[in-house]
Enquirer: 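Quick one: this structure, given as structure tokens, is what I'll be asking you about.
Keep in mind that what you see is a predicted model, and the values were worked out from it rather than measured.
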Amino acid sequence: MTEASSLEAIATRLGIPFQSEIIDSEVDTSILARLPLAFARSNRLLPLREENGKLLVAASEPANLLALDEVGGLFGLPVLAIAVPPQATLEAVNRLYTRMSSSAQEVIEELEGEDLNTIASELNEPRDLLDLTDEAPVIRLLNSILFQAVKERASDIHIEPYEREVEVRFRIDGILYKMLAPPKVVQESLISRVKIMSGLNIAEKRLPQDGRIRVIVAGRNIDIRVSIIPTFFGERVVLRLLDKKKGVLSLEDIGISGDGVTTMERLLCRNNGIILVTGPTGSGKSTTLYASLSRLNSSEKNIITVEDPIEYQLKGVGQIQVNPKIDLTFANGLRSILRQDPDIIMVGEIRDTETAEIAIQASLTGHLVLSTLHTNDSATAITRLIDMGIEPFMIASSLSAVLAQRLVRLICPHCREGYRPEQLYPGITLPPVLYRGTGCDKCFGLGTIGRTLIHELLLVDADICSMIIRQAPAGEIKEYAISKGMKTLRDDGLGKAAAGITTIQEVMRVTQEDYADLPL
């Protein structure tokens, strides 16, 4: 018997209603502020609304009359309990109390007249930021910034000092937005608080520092990578947020579909060779590698990775964290991996000739190697390896495929509308109807929500091997691949724009370096 069915049976015996979930629109959020979050969580209950002179309360333990009596006494109303499963109740508590929390700007407004030099000691164990409402002002400010960033789906937080102000910007779906400007007087305290939480040296202000923070926001585990560098007006901080709850996506989830998934699966079934994923920083290369490893992961395979940093823990996969301080580089880690009898190797990034040479040797000795490279398109990855000093015949013998990719913003499905395009793009035939987002509450007025992948997949066949050996230009290799049916980044993007997945402007923005003669 499941937890829900067991609770439903108890509710039937007690003669009270049962619901499998809590619908937000049926909750009067104005009454939640009267009940402490900690009490709601610990007792797994949530006031829903007042109805016919009674207070309706969702309760995971409807027989807990003491807790229900306390709620009734607090509101001065008789209580009518509704049985709801514990997980559904807890999720609703986190979700609805999240909406009530103060924004970072509201906390800033409350700072006036308070002691801005107060810094609390480091938290030994992470606590949920929703519970930290009575802490010192600077701590509350940083908590609110982190909370608001998670709430608005930000991937990065930038804290940037200037001559007369401090600016906080969030990167949402790849674009930076200015969010708030705390008073200059809190700059030192705010940055010191970041250092305390990430275990960095508070006294050191002349050198760059890197650290990590682990926090919980509304029940979600968030890992934060911290980078601090000294600038003329003070230290600049960038926090990269990684939501552990999201987990590893599949190839279909990241935006590869149809023939692309079939081809990738065929490549991943090989016993040797190198598959490279290329693109600029922040184009989702690591996510694609994790999706590929997730597809490969089985008890029959020995998979080992060397990464910087390890973004997701994969069960059944041996993952090595690069640590230059002790000379654990990609190259050294890769050498060690080869003595561990691996079937599949993932190298987070090929940064130098030594790593490239070892990866190629590994692929030639019966290992499937996955890695990333920073290039603009698929064909340029080949010339990049040659420029690094790798012999062309070695590249031709080991390289199986190159996947070039970019991330484009998804049109918000709640405010999407069709329109007839007026701007023309030379050489591109647009469909009669395109789509865009008008902006709504769901997407915070941006018109976009989330991102997906556009890609081009270059398969290395016998003809391309011959081109590599004679060091043909990247343009020639790309033209040949297109003649054999390869869809370019822009082709894939235009298909997604025509389908209403993204906008034509997004496609032009992320592929402009390949088509400098076309308008954005």
Enquirer: Would one find more than 12 heavy atoms of other residues, nucleotides or ligands at under 6.0 Å from atom CG of D463?
Expert: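 Atom CG in D463 is packed in, count exceeds 12.
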Enquirer: Okay, side chain of S294, backbone of Y290: is any donor-acceptor separation there less than 3.5 Å?
Expert: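 Here the side-chain-to-backbone pair does not exist.
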Enquirer: Under the 3.5 angstrom rule, does the side chain of Q209 hit a backbone N or O of N201 as a donor-acceptor pair?
Expert: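 Answer holds: yes.
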Enquirer: What heavy-atom pair brings I395 and L385 nearest, and what distance separates the two atoms?
Expert: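 Between these two residues, the closest heavy atoms are CD1-CB, 3.5 Å.
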Enquirer: What heavy-atom pair brings L407 and G282 nearest, and what distance separates the two atoms?
Expert: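 In this case the closest contact between L407 and G282 is CD1-O, 3.6 Å.
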Enquirer: Distance-only, no hydrogens or angles: does the T355 side chain make a donor-acceptor pair with backbone N or O of R351 under 3.5 Å?
Expert: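 Between the backbone of R351 and the side chain of T355 there is no qualifying donor-acceptor contact (under 3.5 Å).
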Enquirer: Find the distance between CG (N272) and OG1 (T365) and round it off to the nearest 0.5 Å.
Expert: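 One finds 9.0 Å between CG of N272 and OG1 of T365.
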Enquirer: Of the non-hydrogen atoms in A497 and V507, which two are nearest, and what is the gap between them?
Expert: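 It is CB-CG2, 4.3 Å.
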Enquirer: So which heavy atom on I145 is nearest to which on F170, and how close?
Expert: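 For I145 versus F170, the nearest heavy atoms are O-CZ, 3.6 Å.
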Enquirer: I'd like to know if D377 pairs up with R490 as an ion pair, taking the criterion as any Lys NZ or Arg NE/NH1/NH2 lying under 4.0 Å from an Asp or Glu carboxylate oxygen.
Expert: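 Salt bridge: no.
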Enquirer: Can you tell me if D343 uses its side chain to pair, donor with acceptor, with the backbone of N302 under 3.5 Å?
Expert: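 Looks like yes, one N/O pair under 3.5 Å.
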Enquirer: If you measure from the Lys or Arg side-chain nitrogens to the Asp or Glu carboxylate oxygens, is any gap between K205 and E188 under 4.0 Å?
Expert: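 Yes, this pair counts.
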Enquirer: For the pair R240 and D156, find out whether any cationic side-chain nitrogen is under 4.0 Å from an anionic carboxylate oxygen.
Expert: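 Yes, R240 and D156 are salt-bridged.
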Enquirer: Tell me, with the steps shown, if R406 and E456 meet salt bridge (Lys or Arg N to Asp or Glu O under 4.0 Å).
Expert: CA-CA 9 Å; R406 299 288 190 280; E456 63 182 34; over 6 Å; no
Enquirer: May I have the step-by-step check of side-chain contact (heavy atoms from CB on, under 4.5 Å) for V317 and I304, ending in yes or no?
Expert: CA-CA 6 Å; V317 176; I304 307 180; over 6 Å; no
Enquirer: Before accepting this row, confirm whether a basic side-chain N of the pair R470/E476 lies closer than 4.0 Å to the acidic partner's carboxylate O.
Expert: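 Yes.
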Enquirer: Apply side-chain contact (heavy atoms from CB on, under 4.5 Å) to the pair M197 and L239, showing each step before the final yes or no.
Expert: CA-CA 12 Å; M197 293 183 71; L239 309 172; over 6 Å; no
Enquirer: Check this for me: does any side-chain nitrogen of one of E235 and K195 sit under 4.0 Å from a carboxylate oxygen of the other?
Expert: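 Looking at K195 together with E235, the answer is yes, because their closest N to O distance falls below 4.0 Å.
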Enquirer: Taking atom CG as the centre, does N271 end up with more than 12 heavy-atom neighbours from other residues, nucleotides or ligands that are less than 6.0 angstrom away?
Expert: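 For N271, atom CG is not crowded (no more than 12 foreign heavy atoms under 6.0 Å).
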